[in-house]
2 protein chains.
Amino acid sequence: MSAKQPTIKEIAKRLNISISTVSRALHDHPSIGLRTKTRVKELASELMYEPNQAAIFFQQRKTFTIGVILPFLSEAFFSAAISGIEDVAGKNQYTVLLGQSRDDAEREKQIIDTMKKHRVDGLLISISKHTTSYEHFEMLKRSGIPLVFFDCIPNMPDIHYVACNMVSGTVQATSFLLKNGHRVIGLINGPEKLYASKQRKEGYQIAMSKHRLKYDPSLIVNSDLTKESNCEATRQLLLHKRKVTAIVTFNDYVALDAMQYAHDQNIDLNKDLCFVSYANLPLAQHLKYAPMASVEQHPYLQGQKAAEMLVELLGKKEDEKETPGSYKIIVDSQLMVYNI
Amino acid sequence: MSAKQPTIKEIAKRLNISISTVSRALHDHPSIGLRTKTRVKELASELMYEPNQAAIFFQQRKTFTIGVILPFLSEAFFSAAISGIEDVAGKNQYTVLLGQSRDDAEREKQIIDTMKKHRVDGLLISISKHTTSYEHFEMLKRSGIPLVFFDCIPNMPDIHYVACNMVSGTVQATSFLLKNGHRVIGLINGPEKLYASKQRKEGYQIAMSKHRLKYDPSLIVNSDLTKESNCEATRQLLLHKRKVTAIVTFNDYVALDAMQYAHDQNIDLNKDLCFVSYANLPLAQHLKYAPMASVEQHPYLQGQKAAEMLVELLGKKEDEKETPGSYKIIVDSQLMVYNI
DNA sequence: CCGGTAAACACAAACGTTTGCACAAAAAAT
DNA sequence: ATTTTTTGTGCAAACGTTTGTGTTTACCGG
């Protein structure tokens with residue numbers, strides 16, 4: 001059946017010309033006569049010749065492959081982000097190698113190894129929330145593999161990244177509640193050490209001071225984002241000495257747990273207790289209890305930007321001169337208010 | 001900085017031995033003395049030598065890469081499936097190249113081309129719902145690239161695939177409603193030509209005849225799965241001359257639209273009108289109106305099985321002898337009843 | 001008619017690895 | 001002491017391309 005793939009050599013032999021001539025003919029090299037060019041091209045398409053990319057990758061020391069490592073594709077944010085990545089990758093002749101870390105630092109490291117083995121040209125990473133050591137990232141940098149972080153970025157100097165401005169998003173979210181008359185607003189934040197958590201906290205504080213309200217640290221509770229932890233955090237806020245009338249949650253999933261918990265405590269949602277969160281889940285309209293508003297983080301856009309950045313880095317790699325600076329892009333977040 | 005990757009040649013030179021010896025030493029070839037073996041290995045790890053996979057891929061005519069093409073990662077089903085795929089791929093030293101067809105036949109074809117260019121060893125495909133021509137699949141087969149379909153499979157002879165038995169799932173779903181006293185049950189099905197639709201229809205009929213009820217074709221309506229179409233289908237069923245008290249829907253997303261529409265018509269859900277569907281969305285518990293039950297299709301398992309099948313095919317490829325038969329695996333579906 | 005130039009092509013090296021085969025030295029068998 | 005076997009290495013080809021540097025032929029102006 002499948003007569004093994006014809007090679008450039010085969011074509012050369014049949015046409016009684018040299019391999020190099022065939023190669024150049026196929027690439028429209030100027031130093032090849034029109035006659036031979038057409039002869040070569042005709043035979044090539046007749047034999048259904050396709051260049052052996054493996055050989056080319058090898059020869060050019062480039063695989064035209066970019067690795068993408070992220071925690072979970074099941075999170076809407078990431079599946080949207082990877083679509084953005086895929087699109088710009090495809091436009092630039094790159095293809096994407098996928099790896100899910102499942103929020104496991106060990107797995108993440110392992111995936112990085114595999115990707116390195118596979119000689120990806122560059123890497124796009126949203127780090128797992130349990131990644132504490134950045135050794136493997138440094139290692140990659142040392143091997144000269146360009147790295148662009150997105151969404152969840154490590155606390156390292158001189159890295160390229162695109163992230164979302166969660167500060168402004170949180171200011172918007174909190175201000176929205178303040179404008180609606182709420183004065184005692186809780187914040188269920190993520191793990192304390194997470195950069196994303198810091199930003200939310202900062203945004204919360206800014207919004208408060210903007211409205212000349214004094215910042216009450218006890219209104220912020222941290223959750224490790226498990227269902228239990230989310231409920232516990234909600235419980236704490238509900239038990240707060242001041243009557244909390246609104247809560248900003250780390251993301252929509254946290255909001256769901258919190259709202260369910262509150263509902264189970266016979267609290268009238270979106271009346272006695274309002275929620276605002278992050279992510280803008282696509283199913284929001286179908287949810288039993290949806291938050292009043294959610295901060296859109298434009299995952300597709302972030303994916304696009306990150307991929308574009310990487311492609312650019314890969315391009316300039318040829319110039320050999322590494323510009324010492326690092327690229328940073330901050331995508332603005334945006335509060336989406338639901339009218340239910 | 002990054003002194004360019006050390007090669008096997010470099011090691012050979014430093015140790016004053018031949019390249020082949022180094023290669024064999026690193027592979028624990030029996031014909032290499034213990035002394036040299038350790039010497040080689042020590043220097044290798046000292047230089048942080050890593051084999052150039054690109055060269056190896058080229059040399060072995062194998063990339064240890066499998067391509068995965070599916071419609072949308074944003075659908076929970078597929079993100080679960082790809083996790084299964086990734087897991088078994090990783091266990092077998094394969095890595096996965098991703099492509100989303102977005103239910104666009106043209107895109108699908110293009111992705112296949114790219115993957116072929118990248119010389120993937122094999123392909124895992126869930127075809128787009130708009131794919132009508134199977135020419136590109138045939139072409140792949142002719143080039144000797146093993147192909148395994150999963151979930152959404154084309155109507156072609158001699159293909160390898162793993163799919164879910166939607167017939168039995170539908171029998172279960174319909175029987176569940178019948179047992180709960182419903183007698184006039186509607187079915188909002190997908191596009192008529194889809195294999196998945198045929199199976200659901202068949203299951204519906206079987207359940208009916210099992211319960212000695214006569215099959216009423218007008219109780220089955222087709223939808224193209226857009227929101228409008230879903231609502232229109234619901235409308236038709238609600239206007240049916242017989243009073244429909246339960247509806248089986250093509251999947252959870254259809255159910256959501258249908259339930260919303262019904263609710264807007266002031267119908268008391270899960271009382272005057274019950275729903276059962278497919279997919280078992282993870283967010284089901286948080287939904288405003290969830291179906292009473294949903295058929296679980298075990299996407300992770302399907303992904304696993306499909307990947308395992310492909311890996312096996314890739315393994316036996318070496319024996320060159322193509323066994324003419326084709327592999328088929330049918331995963332059983334299972335009705336999950338929610339207790340709300 | 002000669003030197004020069006341009007056009008069209010061929011040669012060969014290189015990319016890094018694996019692997020069949022040949023070969024030497026040492027060990028074992030005769 | 002000679003032959004055979006074992007053990008350890010080296011040589012070189014092969015995988016399919018690209019590309020720098022020759023080499024040939026033909027044409028041109030002078």
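Keep in mind it's a predicted model, so treat the numbers as computed, not measured. Values reported hereafter were calculated over all heavy atoms of this structure, with side chains retained and with hydrogens, waters and symmetry mates removed. Letters A, B, ... mirror the listed sequences (proteins, then strands); counts begin at 1.
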Atom-pair distance ([atom1] on [X]; [atom2] on [N]), nearest Å:
X	N	atom1	atom2	answer
A/Arg61	C/dG16	CZ	C1'	10 Å
B/Lys9	C/dT18	NZ	C1'	14 Å
B/His29	C/dT17	NE2	P	17 Å
B/Ile17	D/dT7	CD1	P	20 Å
A/Gln5	D/dC15	CD	P	14 Å
A/Lys117	C/dT17	NZ	C1'	15 Å
B/Ile8	D/dT9	CD1	P	15 Å
B/Phe64	C/dT18	CZ	C1'	14 Å

* Mapping B/Arg119 and B/Ser18 onto DNA chain D by nearest heavy atom, which one lands closer to the 5' end? ->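 The residue mapped nearer the 5' terminus is B/Ser18.
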
Practice item. Mind checking side chain to side chain contact (heavy atoms under 4.5 Å, CB included) for B/Gln110 and listing every partner two or more places apart, or none if nothing turns up? Key: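 None.
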
Atom pairs and distances, side-chain donor-acceptor, residues 47-58 of chain A, under 3.5 Å, sequence neighbours left out:
unit_1  : atom_1 : unit_2   : atom_2 : d
A/Glu50 : OE2    : B/Lys116 : NZ     : 2.9
A/Asn52 : OD1    : A/Ala54  : N      : 2.8
A/Asn52 : OD1    : A/Ala55  : N      : 3.2

**OP:** Output every pair passing side chain to side chain donor-acceptor pair (under 3.5 Å) with a member in residues 31-41 of chain A, not counting sequence neighbours, ordered by first then second residue.
**Re:**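 Non-adjacent pairs meeting side chain to side chain donor-acceptor pair (under 3.5 Å): A/Asp28-A/Lys41, A/His29-A/Ser31.
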
Answer yes or no: is there a side-chain heavy-atom contact under 4.5 Å between [X] and [Y]?
X	Y	value
B/Ser83	A/Gln100	yes
A/Ile112	A/Ile125	yes
A/His160	A/Leu310	no

Review point. Is it true that the NZ or CZ of B/Lys141 lies under 6.0 Å from the centre of B/Phe137's six-membered ring and within 45 degrees of the ring axis?
Key: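 Because its charged atom misses either the 6.0 Å distance or the 45° angle limit, B/Lys141 does not stack over B/Phe137.
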
| Residues within residues 33-58 of chain B bordering DNA chain D, heavy-atom distance below 4.0 Å |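 Under 4.0 Å from DNA chain D: B/Gly33, B/Thr36, B/Phe58.
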
Handout entry: Smallest separation among heavy atoms of A/Tyr94 and A/Lys62, with atom names
Key =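 It is OH-NZ, 2.6 Å.
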
Enumerate all atom pairs, one protein N or O and one N or O from nucleotides 19-26 of chain C, separated by less than 3.5 Å.
unit_1 : atom_1 : unit_2  : atom_2 : d
C/dG20 : O6     : B/Arg24 : NH2    : 2.5

_So A/Thr7, base contact, sugar-phosphate only, or nothing? Heavy-atom distance under 4.0 Å._
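Sugar-phosphate, backbone atoms only, no base.
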
- Which residue pairs satisfy the salt bridge (charged side-chain N to carboxylate O under 4.0 Å, His left out) criterion with at least one member in residues 67-79 of chain A, sequence neighbours excluded?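 For residues 67-79 of chain A, and leaving out neighbouring residues, there are no salt bridge (charged side-chain N to carboxylate O under 4.0 Å, His left out) pairs at all.
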
